[in-house]
Amino acid sequence: MAFITPAKPIVKFLLRTTKPFHNKKAAKDFFNLVDSYGYYYRPVKYGNYEPLKQIYDENKKDDLFRAWFYGQDLSEEQLESQYHEGSLAIKGKNPSKIEYSINWANWSRDVLFNHISVIISKPFLQKRPEYMQQFINFCNDLVHLFPPVHAEIYDYTSSLPCTCTESSFIPDFLSGSIPSTCTVRSFIPDILSERCPALKWRTYFGQPYIDLLGRDTILHAPCFRTEEVGDTIVLQLTETVFEDIPQTLRQEVVDYFESSVDPELRAELGTDFIFRPFYASQSYSKEKKLVPDFPIQEFFGKKLDMEKIAKETLI
């Protein structure tokens, strides 16, 4: 049975990529981009876990880069030859209240992704149209820097329907914005190996989805706008993130994509085989699905002994 989970008044951007983060260029590129967007986007505090205690000092960038590698001063040789992972949280200033979260690993046996999550105050974005456009530009620039398999911008505040069942509970390591009524993230779990997430306001389809769905198919979707950003194609459902997205529109776009699939395969799979249903209470078969092949080998350090690591992670 579905119910409404209250959420903070924020707009969220979530980028999932198989591009490697285990190099200092990735860290420098990220923070250089953040700095280039000025006061509202710059950090105040950062750290590898809550509560964040390290104060941002633009004259001590090496400390910030080191935090990207979970507080370690790792050499390029170590990053390329040993398994490592990192998790970094960053908080910004009022009134944007921007927060960043980065999660990465340089090796994976499963279909996992390196993540960048950005949340920003919705009331701040509503003050001026240029603030919202600047945020879109910032997200687009992150897409150029770290080409995603999938990314999205959406209004987190839109009281997401969810089911508090065991199957829908997954830890939220990304937003740092867990509703006070739950200890874990209880809205729709987006597991790309099972389904493409439910269509939200602005969705960036990376190359695996372009290969799966077809470039022309995505570009001609029946929505407010489609456009190319870097190596992705963006599908924007409505004009502004601040308006409610009609469920009829969302369903029309889902039906459009499903109808483009080979009729024999469509007959075999039924419905809801590409996109996760928007309402978590709607059931679907995990076996009857259509998902891309994700190039997870892009995670790998060039000199990693993957066979050895695989044995160690199974112990």
field: Point-to-point distance, once rounded to the nearest 0.5 Å, from SG of C196 to CZ of F275
entry: 4.5 Å
query: What are the two closest heavy atoms between N140 and Y204, and how far apart are they?
result: OD1-OH, 2.6 Å
- prompt: Closest approach of F300 and S108, non-hydrogen atoms and distance?
  reply: CE2-O, 3.7 Å
- request: Verify the neighbour count for atom CD of Q297: are there more than 12 heavy atoms of other residues, nucleotides or ligands below 6.0 Å?
  value: yes
task: Would you check if the distance from the ring center of Y100 to the ring center of F30 is below 6.0 Å?
output: yes
query: Has the side chain of R42 got a donor or acceptor atom that lies under 3.5 Å from a matching backbone atom of V34?
result: no
statement: Correct closest heavy-atom pair for N48 and A67 would be ND2-O, 2.9 Å
query: Taking 4.0 angstrom as the limit, do K91 and E50 come out as a salt bridge?
result: yes
- line: Looking only at heavy atoms, the pair that brings Y131 and L125 closest together is O-CD2, 3.6 Å
message: In terms of relative ring orientation, are Y83 and W107 parallel, tilted or perpendicular, with 30° and 60° separating the classes?
response: perpendicular
query: So, H115 and R16: side-chain donor and acceptor under 3.5 Å apart, yes or no?
result: no
query: So, R215 and E228, do they make that salt bridge, N to O below 4.0 Å?
result: yes
- request: May I ask you to test the H84-Y70 pair for a side-chain heavy-atom distance under 4.5 Å?
  value: no
- request: Count the heavy atoms of every other residue, nucleotide or ligand shown that sit under 6.0 Å from NZ of K24, and state whether that count exceeds 12.
  value: yes
Enclosure of Y256 OH (heavy-atom neighbours >12, cutoff 6.0 Å): yes
NZ/NE/NH1/NH2 to OD/OE distance under 4.0 Å, K12 and E99: no
message: Counting only heavy atoms from other residues, nucleotides and ligands, does the tally under 6.0 Å from CG of D231 exceed 12?
response: no
field: Heavy-atom pair with the smallest gap, counting every atom of S81 and L304
entry: C-CD2, 3.3 Å
- prompt: Charged N to carboxylate O under 4.0 angstrom, K303 versus E80?
  reply: no
- request: Could you walk me through whether E77 and K302 pass the salt bridge (Lys or Arg N to Asp or Glu O under 4.0 Å) test, one step at a time?
  value: CA-CA 10 Å; E77 173 62 27; K302 294 174 185 176; over 6 Å; no
query: Within a reach of under 6.0 Å around NZ of K28, are more than 12 heavy atoms found that belong to other residues, nucleotides or ligands?
result: no
task: Report, as yes or no, whether the 6.0 Å neighbourhood of atom CD on E130 holds more than 12 heavy atoms from other residues, nucleotides or ligands.
output: yes
- request: Determine the minimum heavy-atom distance between L79 and N106, stating which atoms define it.
  value: O-ND2, 2.9 Å
- request: Measure centre to centre between the rings of W68 and F21, then say whether the value is under 6.0 Å.
  value: yes
- request: Before accepting this row, confirm whether a basic side-chain N of the pair K61/D35 lies closer than 4.0 Å to the acidic partner's carboxylate O.
  value: yes
- prompt: Any Lys/Arg nitrogen of K60 or D63 sitting under 4.0 Å from an Asp/Glu carboxylate oxygen of the other?
  reply: no
- prompt: Considering residues, nucleotides and ligands other than K97, do more than 12 of their heavy atoms fall under 6.0 Å from its NZ?
  reply: no
task: Could you tell me whether R250 sits above the aromatic face of F278, with NZ or CZ closer than 6.0 angstrom to the six-membered ring centre and within 45 degrees of the axis?
output: yes
message: Quick check against the 3.5 Å criterion: does E243 have a side-chain atom that pairs as donor or acceptor with the backbone of E239?
response: yes
- request: Give a yes or no on whether the ring-centroid distance for F124 and Y40 is below 6.0 angstrom.
  value: yes
message: Over 60° means perpendicular and under 30° means parallel, so tell me whether F113 and F294 are parallel, tilted or perpendicular.
response: perpendicular
query: Side chains of N103 and S87: do they bring a donor and an acceptor to under 3.5 Å?
result: yes
pair F205-V234: side-chain heavy atoms closer than 4.5 Å: no
task: Is it possible for you to check whether K122 lies under 6.0 Å from the centre of the six-membered ring of F242, through NZ or CZ, and within 45° of that ring's axis?
output: no
query: Side chains of Q54 and Y56: do they bring a donor and an acceptor to under 3.5 Å?
result: no
message: Counting neighbours of CG on D293 that are heavy atoms of other residues, nucleotides or ligands and sit closer than 6.0 Å, is the number greater than 12?
response: no
task: Going by the side-chain contact (heavy atoms from CB on, under 4.5 Å) test, name the single residue among P148, P295, P147 that passes it with T18.
output: P295
